[in-house]
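Letters go in sequence order (proteins before strands), and every chain restarts at 1.
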Number of protein chains: 4
Amino acid sequence: MNDSTTTIETLKEKVKKFIEERDWQQFHNPKNLSMALVSEATEVLDLFLWCDNEESYKELEKRRQEVENEIADVATVLLAFCNHHNIDLSKAITAKQVEQAKKYPVEKCKGKWTKYTEL
Amino acid sequence: MNDSTTTIETLKEKVKKFIEERDWQQFHNPKNLSMALVSEATEVLDLFLWCDNEESYKELEKRRQEVENEIADVATVLLAFCNHHNIDLSKAITAKQVEQAKKYPVEKCKGKWTKYTEL
Amino acid sequence: MNDSTTTIETLKEKVKKFIEERDWQQFHNPKNLSMALVSEATEVLDLFLWCDNEESYKELEKRRQEVENEIADVATVLLAFCNHHNIDLSKAITAKQVEQAKKYPVEKCKGKWTKYTEL
Amino acid sequence: MNDSTTTIETLKEKVKKFIEERDWQQFHNPKNLSMALVSEATEVLDLFLWCDNEESYKELEKRRQEVENEIADVATVLLAFCNHHNIDLSKAITAKQVEQAKKYPVEKCKGKWTKYTEL
């Protein structure tokens, strides 16, 4: 299994199976899953808490296994959310990108991290 | 584009292109992206802040468009992280699931949300 | 020491002393402290992840010691932020409450959790 | 009102009054408040998202009013949590500091941000 050949659907199914085997769907209402998503994202953040931006590249390499594990956890909750609440992720990303492209036209935001409300 | 036919790689490329057009890679060190991941996950959480678990299903349907947009934002940052820091998400999820299966064997955790350290 | 007789300043001094003894001020730029604040707040959230609103009262009593510890951690980072970046918390809360009272006039929001933009 | 003369209890009462006038206590179970705490902490984090550690000092001064407002929001939720769930913050901080001092003895952690498990 790798990103070049695996479809989103296949990954979703993989996550679904793991959860259903454990009968965990009952806890996966939107509120709980939104909390789990924040919780897992914060595990990634915890790995880069006290270093500066430049040092964070080194931290990542030093702890690559941990980072990949935490990123996998975020992805798992995200896919569980999509599974359980019927979201097609590819469509959602495509739709959102159209919206973002209007807020952040290339010529206005190139090389800047300013929020669109302040561009 | 939909989840049945789209590979992870294709979605990653889509995100990459959007970011490179805007020359935003320079801000995408691990520390910043970990913060962006939490920030976007919290946008999902904000939609379910004051309701209870049962009501959160109704909230999701009432605001489905917003929810899908925020989920897309989380996915976008996640894929940017994988792109920029060379993580194969399918492999990472597979590896993590093997680990999780050991911590949470079906017979011990079925239908329970107890943490593995307390099982 | 208890909340009836302790001033904010006294608590701030207590936190300051602990940090200066360890020479940790050098890591306490606004960016890092904002991350630490989220990290500690998420430790509180983790204690109530899978239960529902009603059950969370029981969880709190069952794990009161842990909850109080995590709340103390959030407060410590908050006071460190105020110390290091020269914020008078009492004034900040007073000023913000005036603002909030305009957004949420009693007669419009009583008993509702609707956001002011949707009231 | 300022930090030198205001007790924690006085601030707690101020927050309590605001909430009771609006009849919002009903939403303040531990689960919801833990989410609100993360939500408000993330508002602080959002202000320092793309800058680096050094730049974050300048960002803070440029947006001091916003920062103080968001810090006030975190403090408000924190005090609401203490009010509603009967936590004496001064005692909790004192107790936690004793524990932290054992995990982080001055001679071992001075000038380092290493986690105690790795010291």
Enter the distance from A:Glu43:CD to C:Ser39:OG here, rounded to the nearest 0.5 Å. 8.5 Å

Working to the nearest 0.5 angstrom, can you tell me the gap between C:Asn53 CG and A:Lys31 NZ? 4.5 Å

On a heavy-atom basis, the closest approach of A:Met35 and C:Leu49 is CB-CD1, 3.3 Å

How about [X]: does its [atom1] atom have over 12 heavy atoms from other parts shown lying under 6.0 Å from it?
X        : atom1 : value
C:Lys16  : NZ    : no
A:Lys58  : NZ    : no
C:Lys103 : NZ    : yes
C:Glu20  : CD    : yes

Mind checking whether C:Gln26 and A:Trp50 have side chains closer than 4.5 Å, heavy atoms only? no

A:Asp46, part contacting chain C, at a heavy-atom distance under 4.5 Å: side chain

So, the part of C:Thr42 with a heavy atom under 4.5 Å from chain A: the answer is side chain

